[in-house]
Enquirer: 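Take a look at the following structure, please.
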Amino acid sequence: MSFLSVRGVKKAFGPAVAVQDFSLDAERGEFVSLLGPSGCGKTTVLRMIAGFEKPDAGSVVIDGEDVTHLPTRARRIGMVFQSYALFPNLTVEGNIAFGLKVAGVAKAEIAARVKEMLELIGLPKLGGRYPVELSGGQQQRVALARAIAIRPRILLLDEPLSALDAKIRVSLREELRAIQRELGITAIFVTHDQEEALALSHRVVVMSAGWVEQIGTPPEVYHTPRTPFVATFVGTANVLPCRIEDVAGRLSFHGAPLALDHALTGVTGGEAMMALRPEAIALAPFEGATNRLDATVRDVTFLGPVARVRVVLAGEIEALVDLHGEATRILPEPGSASVLYFRPESLQLLDRRDRAG
Amino acid sequence: MSARGLARGVIIAFGATYLLLPLAGVLEFAMRMRRGVYSFDAFFTVFEDHRFGDTFLYSTVMALVTVLIGMLIVLPAAYAVRLHAPRLRATVEFVTLLPLVVPAIVIVFGYVRLYGSDSWLPLTDSDFGADALLAFGYVTLSLPYIYRSVDAGLSSMDVRTLSEAAESLGARPVTVLLRVVLPNIRTSILSGAFLTAAIVLGEFTFASLLDRPAFGPFMQLLGASRAYEPAALSLVAFAFTWGLMALIGAIGGRRKGT
Ligand SMILES: Nc1ncnc2c1ncn2[C@@H]1O[C@H](COP(=O)(O)OP(=O)(O)OP(=O)(O)O)[C@@H](O)[C@H]1O
Ligand SMILES: [Mg+2]
């Protein structure tokens, strides 16, 4: 059984359902991100794992112990908040020591642990400062130290980097990952920033409107999105209508034949949706690019390493093509006819269900 | 620039005159006890009266007890409302403001009727009972001030997130209240406490009708029977209140906790 097991959890606030049905299994030491737009229920899920909200249904099991009905203080979790939430009346040391004092740990041991934590977060000299005397990045590091000082079973982080400016956000993100790996602690990380989720996580849970859209490793979620929502929310994708022609994986787009790289099981015939990343398309033939579509170039934006080309397919459907490197030397003319080339594995058939609507 | 400075000076001078002139008048009057010369005789007479010390001590103890009971009731209540029933806040605030609307004389009459000699709980029959009744009455009277200052203190911090942070670190609700909430609203609690103390020290109606040896009735008695001493006494009381206010300011001015 996995280290953290969340099973069929639901939560409604009055008539508004915040979390429809959430299940997740995380291994010991795993870093899992909950990714989704504002209001999709990420925080609510995290708060149910923490015990701040009681789920209407389902269960939360940590290390084999059912904690669904335990209060937060008995769950042995560590929590890091977006707003840092350091105790303003305590020094950095006082903040880090708080959980240890509450647990009745011996003075000498507290001092040693606080010192160890300060070194871990790279602030060995700031123990005597008050939170107001620290920068946002420093405060969040102290908050992290405070959370892990009690050696929690799970570290829960709710958009811990969102209040920081871009540069600090990236450096602290790397530090956070290093610390998490070093301690081997299981972490659940909430974010609405896809780059953050992809960069940090072993696995990403993509959520939308209270539902889980997909759970997978960052490459899985990026390259094989299961729903139109995931395809467009994680990175950029062209989501196009298609027809399924047979179980061998042959499709058609407005009469033009296309092929998937795998056979289909179950589904045969009918309308469907497919996703195609802009960077998987070239305007010139290349090895393995057996799929082709005729297009008309609408406009071109040159951005240096990338040139973004907007094309029109079948006379009415807009799509994006990203040209990279040498391909950006000679750019297509707006209004000219062109052909899109891409490999079968670049084409991803999507579930018709799109709960985000 | 200079016109602005002048206007500012005039306004300050006007305000200062408005506040200080009556005080100066009272002081001047209080110092005329000995015919022909200015003296502090009236002040000495007041301080020499043993009732001054006795009633002042009684009222000070009352003030402390009132603050203690008031805080014990209000702090957990305000905290719980904020955390678990934010929709009740308006109602609770209204209830705490009621003592400002209902006159003290009505409240104390109610007390005497409810807890008088022939009632089911004759508190007024014993000194301790009457003292307790007075203290509870004062708690009611000071409710608006205690609640408002505590609530203002709670507004100045992110109570919910800090409480949750403490809880996630293993703290029980009582620990959260004592170790996280209380230290961060210390200034507000002190200002509520001092306001309460100032009110209790001068209160007349409750103490008089319950026949308690408090400072308020003493001031009233002196005022009814003497000429110069009440003026001196009011100045002393005024100085004391101002001292309390200055203390609030001084403690509030210190930013950091200990
Ligand atoms: N205490 C609450 N009372 C009522 N509704 C709530 C409460 N908490 C959350 N909600 C609602 O539940 C839904 C999900 O909220 P949640 O905070 O989990 O979203 P989120 O994914 O964390 O969004 P964000 O990225 O903006 O933080 C929202 O529609 C929100 O309005
Ligand atoms: Mg959130």
Side-chain angles (χ1 to χ4, degrees), chain A residues 14 43 46-47 49-53 70-91 94-105 128-133 139-140 142-158 160 163, chain B residues 71 75-76 78-89 149-193 248 250-258:
Chain A
T43 296
L46 200 72
R47 291 174 61 81
I49 299 174
F52 296 133
E53 308 283 359
L70 278 189
T72 301
R73 64 174 183 276
R75 291 192 182 195
R76 287 177 45 220
I77 49 117
M79 182 98 187
V80 178
F81 300 83
Q82 181 176 350
S83 59
Y84 321 136
L86 294 178
F87 305 125
N89 58 310
L90 298 178
T91 59
N95 268 279
I96 298 175
F98 186 92
L100 301 168
K101 273 191 187 157
V102 166
V105 176
R129 294 237 192 132
Y130 284 90
V132 286
E133 299 168 324
Q139 287 190 54
Q140 198 57 298
V142 174
L144 177 65
R146 177 179 70 177
I148 56 185
I150 56 170
R151 299 199 206 282
R153 299 188 285 191
I154 295 187
L155 185 60
L156 304 171
L157 309 104
D158 192 357
Chain B
M71 287 296 171
L75 189 62
Y79 176 68
V81 165
R82 212 162 245 279
L83 226 53
H84 304 297
R87 262 178 272 157
L88 278 182
R89 250 183 92 200
S149 53
V150 166
D151 196 54
L154 292 177
S155 301
S156 72
M157 63 186 279
D158 186 351
V159 186
R160 178 177 292 274
T161 313
L162 288 182
S163 300
E164 286 178 354
E167 235 183 294
S168 74
L169 293 166
R172 307 176 155 274
V174 176
T175 314
V176 177
L177 200 59
L178 293 181
R179 301 270 281 272
V180 176
V181 178
L182 205 58
N184 285 305
I185 60 169
R186 207 187 43 167
T187 314
S188 311
I189 287 187
L190 277 174
S191 76
I248 300 176
I251 294 170
R254 275 174 41 203
R255 297 289 317 172
K256 249 170 278 158
T258 40

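Below, read A as the first sequence line, B as the second, and so on, with proteins coming before strands; counting in each chain starts at 1.
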Enquirer: Under the rule for side-chain hydrogen bond (donor to acceptor under 3.5 Å, both in side chains), what residues qualify as partners of Arg179(B), not counting sequence neighbours?
Expert: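 Once residues adjacent in sequence are excluded, Arg179(B) has no partner under the side-chain hydrogen bond (donor to acceptor under 3.5 Å, both in side chains) criterion.
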Enquirer: Please output the residues of residues 71-83 of chain A in contact with chain B, using a heavy-atom cutoff of under 4.5 Å, in numerical order.
Expert: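 Contacts with chain B: Thr72(A), Arg73(A), Ile77(A), Met79(A), Phe81(A), Ser83(A).
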Enquirer: Please determine whether side-chain contact (heavy atoms from CB on, under 4.5 Å) holds for the pair Leu144(A) and Leu155(A), giving the CA-CA distance in whole Å, both sets of side-chain angles, and the decisive distance to 0.1 Å.
Expert: CA-CA 9 Å; Leu144(A) 177 65; Leu155(A) 185 60; 3.8 Å; yes
Enquirer: Using side-chain hydrogen bond (donor to acceptor under 3.5 Å, both in side chains) as the criterion, list what pairs up with Thr161(B), not counting sequence neighbours.
Expert: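 For Thr161(B), the residues satisfying side-chain hydrogen bond (donor to acceptor under 3.5 Å, both in side chains) (neighbours in sequence not counted) are Asp158(B).
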Enquirer: Can you name the residues that form a side-chain hydrogen bond (donor to acceptor under 3.5 Å, both in side chains) with Thr43(A), not counting sequence neighbours?
Expert: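 Applying side-chain hydrogen bond (donor to acceptor under 3.5 Å, both in side chains) to Thr43(A) gives Asp158(A).
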Enquirer: Counting only N and O atoms by type, is there a donor-acceptor contact under 3.5 Å from the side chain of Asn95(A) to the main-chain atoms of Leu90(A)?
Expert: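 Present.
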Enquirer: Checking side-chain contact (heavy atoms from CB on, under 4.5 Å) against Leu182(B), which of Ile189(B), Val176(B), Leu177(B) comes through?
Expert: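 One option only clears the test, and that one is Ile189(B).
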Enquirer: Can you check whether Pro160(A)'s main-chain N or O pairs, donor with acceptor, with Gln140(A)'s side chain at less than 3.5 Å?
Expert: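 Checking the backbone N and O of Pro160(A) against the side chain of Gln140(A), a donor-acceptor pair under 3.5 Å is found.
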Enquirer: For Leu156(A), is it the side chain, the backbone, both, or neither that has a heavy atom closer than 4.5 Å to a heavy atom of chain B?
Expert: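 Neither part, no heavy atoms under 4.5 Å.
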Enquirer: What residue in Ala103(A), Ala149(A), Ala85(A) has the most heavy-atom pairs under 4.5 Å with chain B?
Expert: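 So the answer, after comparing Ala103(A), Ala149(A), Ala85(A), is Ala85(A).
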